[in-house]
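Report on one structure; see the data block that follows.
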Amino acid sequence: AVSTFKLKVSWFPSKKIVLLADFKVAGVLPFSFYVQFQSLDYDNIENQLFLEEERRMSYLGFRCLEISRWVVCGWIGFLTGLIACFIDIAVEELAGFKYQVVKENIEKFTEVGGLSISLLLWAVLNAAIVMVGAIIVAYFEPIAAGSGIPQIKCYLNGIKIPRVVRLKTLVVKVCGVICSVVGGLAVGKEGPMIHSGAVVAAGVSQGRSTSLKKDFKIFEYFRRDTEKRDFVSAGAAAGVSAAFGAPVGGVLFSLEEGASFWNQMLTWRIFFASMISTFTLNFFLSIYHKNTGDLSSPGLINFGRFEGDSVAYNLYEIPLFILMGAIGGLLGALFNILNYWLTIFRIRYVHRPCLQVMEAMLVAAVTATVSFTMIYFSNDCQPLGPEHAEEYPLQLFCADGEYNSMATAFFNTPERSVRSLFHNQAGTYNPLTLGLFTLTYFFLACWTYGLAVSAGVFIPSLLIGAAWGRLFGILLAYITPNSVCLWADPGKYALIGAAAQLGGIVRMTLSLTVIMVEATGNVTYGFPIMLVLMTAKIVGDYIVEGLYDIHIKLQSVPFLHWEAPATSHWLTAREVMSSPVTCLNRIEKVGTIVDTLSNTSTKHNGFPVVVQVLGNEEPAKLCGLILRSQLIVLLKHKVFVELARSRLTHRKLQLKDFRDAYPRFPPIQSIHVSQDERECMMDLTEFMNPTPYTVPQETSLPRVFKLFRALGLRHLVVVDDENRVVGLVTRKDLARYHLGKHGLEELQLAQT
């Protein structure tokens, strides 16, 4: 029997029912129903072993743990900064070489004719470089596709997404992002930095590499989900910080987008990791740029400084900023809807790796062709001033001493194009050039996001927004020809437009405001940027969700939002819970345990432990909870009552044995239990959690949800008045309910 989801997608105009089968999303996860995803154990298992270890630990031991947490955060920041530095230098060198070759070729053929050869060269170069990036992603590690932000968001929400924080994922991510940026796709290298930081954090904090089978025997205390989660949020923050040179923005990003659980000490440690990451990147880039010790270019993207007259804004401009925010929200919603349908198409038809590679090459070639065509037919010539900031000025059919300004936008890495839109003097761009550029780049960026390549959506969004923002500024000056001084500088509108567009697509507010303020190095724009982002979010949310939320939904991930759906008070734990529950006795037969774990139809991960009252016919009462992973370790070490009683006394199992098996516990099929051993008994008293969280069956859904979400639970036992187990609530039971346009909706699990 195959289980599939009938997923009623709530934000469609018509009530369509989309049947989602077991496909492989283009560059997203192997795509099936909720069953595939497990939760992480963010709740510590306070069994006897754990309590004994805590009792044995001295005050000094706890101080050492605290110091080692700071050391780990320092290392996370340092390594994330190094990775960012490596990506930056690789992109700079390779893109520089590519653009130089194409530029010389174009100049040669402009004089003698035959520019089609230049176009062919550009398209082939792009497609070849992107092909390498797409092959390593599609064939070696599909989870490394895209920006990785939705996956890290899910991980921090408490969902175990397979292979998301592996070393192999990091290597593929870094090489993939270099290929996709150098290959001229409409992508940025900032989003993947967040994923890279998270992988670094997950690796460093465990003191070993399971991929390389190397154990350094350090940080063993941190080998559990609770500790690992905190470090992963520090890694994500360090990634933002390295990408934008915005340490505070990094901390706020982790708080707003990622971490579902937070405390004060964590904030300080995460800020430390972010600072170290920015400093490392700065320091090594200053060596690369041959001015060692000059720490003035903080992030991978440097928007340049906004100074002098260009930063002033007046009260009468605020309504205009709000209008720009609304435009950004509408365009962002359009982007997300188009990308949604495109991703559905990819899920259905482009799920084979060879097709994914071919699609990526097609997009690369089309991007080069469109760029070349736009540059070729553009007659927007600008004089090359003595202080020209163009990296690769193309003359083409312009007069001597002039350059083609369309080429500045297209014939460049996206980061440079953003900077030129922000800072070039008024009059450097023709309105027609900007209009055409916005239109083409919008569709190219929309097509590119979701390909099987590692790529971020931050920079393309900023670039689209900067282009239409600058156009907005120029048109204002056209409308009021006499009052030139009113609308100071189109660069200012380019910045506001960039913020509006990015806010409209990803719907971040707090962190994005701070990131933009830190990246531009000017606090003056704090208020307009905040206004614009709020407007963009309100307008966009009215139409469709943010891009990351859409992709999380498309992967069928049981994601829990901050609050339970608004109208769910009438639902109780009895209606939500899964039942009947597979329970184990406190002293259970080994054969029963093996059969329960081997049962493929259930695949349960938590089992309530019950105790029978002697001489009583009543149902058994709850006395604890034990996890599948713990039972597997117990079976592996053969912790049976009979063996303990006989002379062959095994050494007592310790918490270290469970930590050594974490995070990849062996499957039950790999553990051999003989027929005689099946008759033995196993005492679970020492290993089970004797105080699991429980709720009465009359508890309302919002209360269950709050308890589950705030404590980061994986299992919540539902009991009756006599403390007998009646059901179990897991993440999947809660994630089924969501508020749609037609009230509370439930995702039905259809057995077909």
Side-chain angles (χ1 to χ4, degrees), residues 41 43-55 224 577-599 602-646 648-655 657-658 661 665 668 671 673-697 713-730:
D41 292 304
D43 181 35
N44 281 331
I45 299 152
E46 294 188 355
N47 55 17
Q48 287 178 25
L49 296 183
F50 177 79
L51 296 174
E52 279 165 24
E53 186 189 64
E54 295 283 303
R55 276 192 209 107
R224 54 168 192 245
M577 69 190 189
S578 307
S579 62
V581 183
T582 311
C583 293
L584 298 173
N585 291 314
R586 188 152 62 178
I587 296 176
E588 186 64 270
K589 209 164 129 192
V590 173
T592 313
I593 294 178
V594 173
D595 294 341
T596 307
L597 294 181
S598 308
N599 185 349
T602 51
K603 291 293 280 182
H604 293 315
N605 280 288
F607 303 95
V609 180
V610 294
V611 62
Q612 197 81 39
V613 183
L614 282 172
N616 209 333
E617 291 303 309
E618 285 182 19
K621 298 193 174 181
L622 177 73
C623 69
L625 183 85
I626 193 155
L627 298 175
R628 169 184 286 267
S629 54
Q630 291 174 294
L631 289 169
I632 283 177
V633 174
L634 295 178
L635 286 171
K636 191 174 158 198
H637 288 279
K638 308 213 180 295
V639 186
F640 308 145
V641 179
E642 282 75 4
L643 289 178
R645 285 192 194 135
S646 67
L648 308 162
T649 322
H650 283 312
R651 67 175 178 81
K652 195 161 174 287
L653 214 59
Q654 293 174 325
L655 224 47
D657 298 303
F658 292 95
F665 295 100
I668 182 68
I671 291 166
V673 179
S674 68
Q675 205 53 44
D676 292 345
E677 287 171 340
R678 284 180 66 92
E679 297 305 316
C680 291
M681 303 301 279
M682 190 188 275
D683 188 352
L684 306 177
T685 315
E686 213 178 342
F687 310 103
M688 69 183 187
N689 180 0
T691 52
Y693 290 100
T694 60
V695 289
Q697 45 189 352
L713 302 182
R714 186 174 180 178
H715 303 103
L716 184 59
V717 186
V718 183
V719 292
D720 62 9
D721 315 339
E722 302 284 318
N723 201 33
R724 293 186 294 248
V725 180
V726 289
L728 200 63
V729 175
T730 62

Problem set entry | Distance-only polar pair, side chains of Thr685 and Asp683, donor-acceptor under 3.5 Å | yes
Seminar exercise, completed: Hits for side-chain contact (heavy atoms from CB on, under 4.5 Å) against Glu679, two or more places apart or cross-chain, chain-then-number order -> Lys589
For this session: Would you mind reporting whether Met688 and Asn47 have side-chain heavy atoms less than 4.5 Å apart?
Result: no
For this session: Kindly indicate, with the supporting measurements, whether the criterion side chain to side chain contact (heavy atoms under 4.5 Å, CB included) is fulfilled by Val717 and Val729.
Result: CA-CA 6 Å; Val717 186; Val729 175; over 6 Å; no
Exercise. So do Leu584 and Val610 actually touch side chain to side chain, heavy atoms under 4.5 Å?
Worked result: no
Exercise. Do Val718 and Val725 have side chains that get closer than 4.5 Å, going by heavy atoms?
Worked result: no
Problem set entry | Steps toward side chain to side chain contact (heavy atoms under 4.5 Å, CB included) verdict (Arg714, Asn605) | CA-CA 9 Å; Arg714 186 174 180 178; Asn605 280 288; 3.2 Å; yes
For this session: Would you mind reporting whether Phe640 and Met681 have side-chain heavy atoms less than 4.5 Å apart?
Result: no
For this session: Give a yes or no on whether the backbone of Glu722 and the side-chain of Asp720 come within a donor-acceptor separation of less than 3.5 Å.
Result: yes
Problem set entry | NZ on Lys638 to OG on Ser674, rounded to 0.5 Å | 7.0 Å
Exercise. Just wondering, do Leu631 and Ile626 contact through their side chains at under 4.5 Å, heavy atoms?
Worked result: yes
Seminar exercise, completed: Shortest non-hydrogen pair, Arg586 vs Val609, comes out as CA-CG1, 3.6 Å
Seminar exercise, completed: Here the pair of heavy atoms bringing Val673 nearest to Val590 is CG1-CG1, 4.0 Å
For this session: Before giving the answer on side chain to side chain contact (heavy atoms under 4.5 Å, CB included), spell out for Leu635 and Ile593 the whole-Å C-alpha distance, their side-chain angles and the decisive distance to 0.1 Å.
Result: CA-CA 9 Å; Leu635 286 171; Ile593 294 178; 4.2 Å; yes
For this session: Kindly indicate whether the side chain of Asp41, heavy atoms from C-beta on, has any atom under 4.5 Å from the side chain of Arg224.
Result: no
Problem set entry | Minimum-distance pair of heavy atoms, taken over all atoms of Phe607 and Leu597 | CE1-CD2, 3.7 Å
Problem set entry | Greater than 12 external heavy atoms within 6.0 Å of Phe665's CZ | yes
Exercise. Would a 4.5 Å heavy-atom cut-off, applied to side chains only, mark Leu622 and Pro692 as touching?
Worked result: yes
Exercise. Would you find a donor on one side and an acceptor on the other, under 3.5 Å apart, between the side chain of Gln630 and the backbone of Leu627?
Worked result: yes
For this session: Spell out, as yes or no, whether a donor-acceptor pair under 3.5 Å connects the side chain of Asn599 to the backbone of Thr596.
Result: no
Problem set entry | Arg678 and Asp595 ion-paired at < 4.0 Å | yes
Problem set entry | Audit row: Phe658, Ile45, side chain to side chain contact (heavy atoms under 4.5 Å, CB included) steps and yes/no | CA-CA 11 Å; Phe658 292 95; Ile45 299 152; over 6 Å; no
Exercise. Side chain of Glu588, backbone of Asn585: donor and acceptor closer than 3.5 Å?
Worked result: yes
Exercise. Looking only at atom types and distance, does a side-chain atom of Arg628 sit under 3.5 Å from a main-chain N or O of His604, one as donor and one as acceptor?
Worked result: yes
Exercise. Can you name the nearest heavy-atom pair linking Val726 to Gln697, along with the distance?
Worked result: CG2-OE1, 3.6 Å
Exercise. Does any N or O in the side chain of Asn689 come within less than 3.5 Å of the main-chain N or O of Thr691, such that one atom is a donor and the other an acceptor?
Worked result: yes
For this session: Of all the heavy-atom pairs spanning Leu728 and Gly606, show the shortest one and how long it is.
Result: CD2-O, 3.9 Å
Problem set entry | Atom of Leu655, atom of Phe50 and distance for their closest heavy-atom approach | CD2-CA, 3.8 Å
Problem set entry | Side chains of Arg724 and Val719 in contact at under 4.5 Å (non-hydrogen atoms) | no
